[in-house]
Every structure is written in structure tokens, then in C-alpha cells.
2 protein chains.
Amino acid sequence: MNDGDKTETSRNCFTCQSRGRTEWCVLTDDELALVDQGKISRQYLPGDVIFHEGDECHGVHCIESGLIGIRKMDAAGNEILLRLNHPGDTMGYRSFLAGNDHNNSAEALEPSVICLVGGGTVRSLLEKNPTLGLRFLKHAAKDLDDAEEKVLQSTTSPVRARFAHLLLVLKDRYGVTDEDGALDLELPLSRQDMAAMIGIRPESMSRTIRSFEEDDIAHFSGRRVHVARIEDLILELEHSTEL
Amino acid sequence: MNDGDKTETSRNCFTCQSRGRTEWCVLTDDELALVDQGKISRQYLPGDVIFHEGDECHGVHCIESGLIGIRKMDAAGNEILLRLNHPGDTMGYRSFLAGNDHNNSAEALEPSVICLVGGGTVRSLLEKNPTLGLRFLKHAAKDLDDAEEKVLQSTTSPVRARFAHLLLVLKDRYGVTDEDGALDLELPLSRQDMAAMIGIRPESMSRTIRSFEEDDIAHFSGRRVHVARIEDLILELEHSTEL
DNA sequence: AGGCCGCCTTGACCTCGGTCAAGTGCCTGC
DNA sequence: GCAGGCACTTGACCGAGGTCAAGGCGGCCT
């Protein structure tokens, strides 16, 4: 919560390394210039909060680099990690478009550079270029899919299956698969945060890891994970019912 | 699954009783005429399936009347009821826009009349009238909110709280609140389906109902529910942690 | 160095909700 | 009328995961 040490930086949308991955890639140069003018760029350190649940929504955040966790809390103070956002992802477009306050919070998990594109800018771009709206729509559609999938999982699958699923998802971005089906994974998350992602307590996370070790499904040392046979993880998924 | 007895009917978008509630209300008369031509209207009986998970998505469904349940199933055959859709709601816009197959299924819970607006029609309308896209976007934003809320609830709240929450949601549409805080509710759902909505088994639903009766929180007879003090339901929500 | 703090692990215990099996009441079809 | 089916309820049992309390381990501070 050290809101003080966020450093303003001056970046350029045209040279942004993540440009190709953003929704903004459908914009013309003129339109992109608008974004470039209307944005504020900032650096965040791990633990820094980009916005809080309940904060007023002033525009849309675009991740240039780093890793962001989207968290949501309930009345009782239980917190879960809804998803991870990566360079090129746009955050907060949803609350912005719906005209709501933010309904979840965003926290840097790694040192990150994030641009805030002001509300006025976004609105005028949406008018100028309807394709942009459709891009956001597709994005929302995907997020919705993921969320519904997660609802289903969290009520029907046991913890082992959910954890296996998490590892398989992380594999795509953080894993290296070698030719004979073995997998090496460098986790971007603490155990606590992994627990928060599948909606369990840290203690249960520890126990689940241990049980994977005991069953020789995966081996953990710090944030490095080695899985000898990926199929074992996939098997875990179906293990919800022991057919 | 009696796909045979779906009756085709001939309805008119201009006189549709639900018109004002749909996303389509932003259309001009000309555009609406397009929808009217390009639609196929059908009647469904309770239990009839409008579309299945995995079905190809040919367009967008619009509910004229009735009640639809959106279900999703996992690999092990566990099914949950993600949400209810009412007259004026549009279904399947998401898979359609994302270009995917349907990723959940829709089943009539009451006799319903539903129009299918063909993909071509929708696409050309989106081009003609960008506002329509923004309406869908807002809709998606709300669905996403609800879904994320549900993820949180299903991992953090105990069954009693989730059930209380469900009753409070149903209240808005199916309840009558009298002056002194008492609530009468006519449930649109079977116990099984209520169980599916909060991700539990029918047996647990029964037990939860009984425990509400024993605590004098609510009284059930068939699908009629009487709640003497709504505050009791609200209290249940926070009861996740006994502060 | 020593001490502190946060992350992680472990064990003992308990509870909520799932599972299995049986029983009831209602509705439909013969 | 009776039989079968389905939604719902109930009881007995059990196990996954939460809770509480106690350490271990490493990083960072003075």
C-alpha cells in the first residue's frame, strides 16, 4: 500500500512493446496519437495497488510490462485472486463502460509499467472507431467464459483437480515442455496467491502440494516445479469422479 | 429433450411485449424491420432445450416471454445453473460474437417464446449501429460482474449464506414485500434447480431449507416462501464469519 | 551479529456438505 | 384402482478442507 513510490514515466504508445497485444491495435495512427496524449504512465512495485475495489473508475488501464493480479474481497474479508493480467491486457474497461466504480482491485505482482487512458479519450475513440468496442466485447466474452468455468470448477471440483488445472494454465505462459512430455515451470506466484486463485487457504495449498509430491505427480522447490508426465496432471482433472 | 414439439410461431418485433427491455431498443425502425425479417420465433415447453453446450452458434436468441435457465456441465457430469434469463434478455450473443460454439446450454423452465436472430442479421446490424455493440458490451460487463461475484461466493460463503443470497435476488422479481418488512415469494424454481444455482446437492438444499425453518428465518410450503423479517436473510449473508 | 517479520509447513481437531440408502407424497398412464 | 416415476425429504456416515496453534526458514533491518 505504498502509494507514494509510484513513479511517473513518460512512455510512447507507438513504441510500446506490448502494442500488438492490446485491443488498441485496431486504431489508426491518428487515433493512437490520441491515446498517447491522453495517457498517464506509471511504474509499480510488487504489492503496489493500481486501483481498489470501490474506487471511482477514471478510465482504462493498459499493461505495458509486468504482472498484475485482480483480487476481489467479500464482506467477511475473504479474498480471492480472480485472474492474472499480462502485458497488453487492458484492465478496468468493464467498470468504465458500465459506469460503475471498480468492483475488484488490481495489484502489481511484479514490477510493472501501466498506462492509464483517460475516460474522455476512451469514449471518443469508441465513437470514432466501433471496431474498438467489438474488441472489448470479445475480451469481455472471454473473461466471462473463464469466470463461468471457474464458478463451475469451484463448486464441483476438488482441490487437487483445481490445482492441477491451475498448473496447466500457468504452463502456457511460464512453462517449458520438453520433448518427452516433462514440464518445467517457474511459478509467478507465491503459495498464498496460488491458494487465493483456487479459493483455498494457504494451509490447504501446502497439503495439496505435499500430496502431489507423495504421488510423484509434481516436484516443487521454491517456485520451480517439475512435472515428469503432464498426463498425470490431466488425469487429476477428471479425477473429480473416480469413474 | 422433446425437440419435436417446438412450435414455430410468427411474431412481430414491433409489437413484442419485451421490446423495451431488449438491447434492440436502440435500433431505428428500419433496423428493427431487419431483425423482424431475419428472426425465427418458437415456443418451448418446460424442459425443452433451446441450445446445448457445444452446439454451433447460429445467431442470437431473444426471449419474448417465459423463463430460461442457463446451465453448464463439467467433465464429470456435474451441472450447475449459472443464471436465469427473462423476457427481453438476449442469449448466446457472447458465443456468437466470440465465434465459438455455445459454451453452456439454455433450457426453458416455463413455457417460453424465443426468437432466433440469424448471425448475418446481427453482424450487419452491428456494423450499421455501433450503439448496439455497446449495449451488448454493457450486458456482458454485468454478466461478468455477476459471474465473478458468484466465484467469490461459491468459494468463501457457506451454503446458508448462498441460499439467503439467492432468495434475496429472487425477491426482486418474484417477491412481494409488505410494509413491515415481511416478504412473500413465489419461487420460479424447483428445489433441484435452486440447489444447482448455488452449487449444492438436492439433499443439502432440503437440509438448508429445514434449518431456515427451524431458525424461523423463512417458511416454505411448496414454492411459496414467507419471510417474516428480511433483515434475517441479510444477517445470514454476513454470517460467513461470526464477527 | 541478532532479532524481527512474512511466508511456508505441519499436526490435531472439527465441521460442513457430499454420499448412500430408504422412505414419502404426488402425478401420470394403464 | 394400481404401478411406476419423479421430486423431495430424512437419517447415518464419512471425508475433504477449514481452523487453530505451533514451529521452521529465509530476508532484511539496525
Side-chain angles (χ1 to χ4, degrees), chain A residues 1-2 45-47 69 74 76-81 107 109 153-164 166 187-215 219-225 236 239-243, chain B residues 1-2 45-47 69 74 76-81 107 109 153-164 166 187-215 219-225 236 239-243:
Chain A
M1 307 253 175
N2 38 353
L45 292 177
D74 70 8
N78 301 303
E79 206 176 38
I80 64 170
L81 194 43
E107 178 193 321
L109 302 178
Q153 272 215 0
S154 60
T155 53
T156 64
S157 305
V159 166
R160 279 175 67 112
R162 307 218 296 274
F163 184 45
L166 174 61
L187 299 172
L189 294 171
S190 68
R191 321 253 145 167
Q192 296 191 96
D193 282 340
M194 287 196 294
M197 282 213 79
I198 58 178
I200 61 173
R201 307 282 150 194
E203 295 96 320
S204 296
M205 184 77 263
S206 272
R207 282 187 254 273
T208 308
I209 287 176
R210 182 155 40 117
S211 82
F212 273 28
E213 296 260 5
E214 285 166 358
D215 297 353
H219 293 273
F220 297 78
S221 92
R223 292 191 173 189
R224 314 218 97 241
V225 188
E236 263 324 300
H239 236 279
S240 14
T241 27
E242 198 98 358
L243 295 180
Chain B
M1 309 252 172
N2 37 356
L45 293 176
D74 71 6
N78 302 302
E79 206 176 38
I80 64 169
L81 193 44
E107 177 192 322
L109 301 178
Q153 271 215 0
S154 60
T155 53
T156 64
S157 305
V159 165
R160 278 176 68 112
R162 306 218 297 275
F163 185 44
L166 175 61
L187 299 172
L189 294 172
S190 67
R191 319 256 145 161
Q192 295 191 97
D193 282 340
M194 287 197 294
M197 282 213 79
I198 58 178
I200 60 173
R201 308 280 150 195
E203 296 96 318
S204 296
M205 184 78 261
S206 273
R207 283 187 253 273
T208 308
I209 287 176
R210 182 152 43 117
S211 82
F212 272 29
E213 296 260 5
E214 284 164 358
D215 297 353
H219 293 273
F220 298 78
S221 90
R223 291 191 173 191
R224 313 218 96 241
V225 187
E236 263 324 301
H239 237 279
S240 16
T241 27
E242 199 96 358
L243 293 179

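DNA chain C lies under 4.0 Å from at least one heavy atom of each of the following residues of residues 187-200 of chain A: A:Ser190, A:Arg191, A:Gln192.
Put simply, the side chain of B:Asn78 reaches to within 4.5 Å of the side chain of B:Arg201, judged on heavy atoms. Contact check for B:Ile200 versus B:Arg162: side-chain heavy atoms found under the 4.5 Å cut-off. Residues B:Ser190 and B:Arg223 meet the side-chain proximity criterion, which asks for heavy atoms closer than 4.5 Å. Residues A:Thr208 and A:Ile198 form no side-chain contact, since every pair of their non-hydrogen atoms from C-beta on lies 4.5 Å or further apart. The closest side-chain heavy-atom distance from B:Met194 to B:Pro202 is not below 4.5 Å.
Put simply, CD1 on A:Ile80 is 16 Å from P on D:dG17, counting in whole angstrom units. Look at CE on B:Met205: it is 11 Å from P on C:dG17, rounded to the nearest Å. The CD-C1' distance, from B:Glu214 to D:dT10, rounds to 12 Å in whole Å. To the nearest angstrom, C1' of C:dC8 lies 12 Å from CZ of A:Arg223. Atom C1' of nucleotide D:dA16 and atom CZ of A:Phe163 are separated by 17 Å, given to the nearest angstrom. D:dT10 atom P lies 12 Å from atom CD of B:Glu203, rounded to whole Å.
Annotation: of the two residues near DNA chain C, A:Arg207 and A:Thr155, the 5′-most nearest-nucleotide partner is A:Arg207.
OP1 or OP2 of D:dT9 sits under 4.0 Å from a side-chain N or O of B:Ser206. For the OP1/OP2 pair of D:dG17 and a distance below 4.0 Å, the side-chain nitrogens and oxygens of A:Arg201 include no atom meeting the criterion. Dashed line: the shortest gap from a side-chain N or O of B:Arg210 to OP1 or OP2 of D:dT10 is under 4.0 Å.
Using the six-membered ring where Trp is involved, A:Phe220 and A:Phe163 have ring planes that are parallel, under 30° apart on the 30 and 60° scheme.
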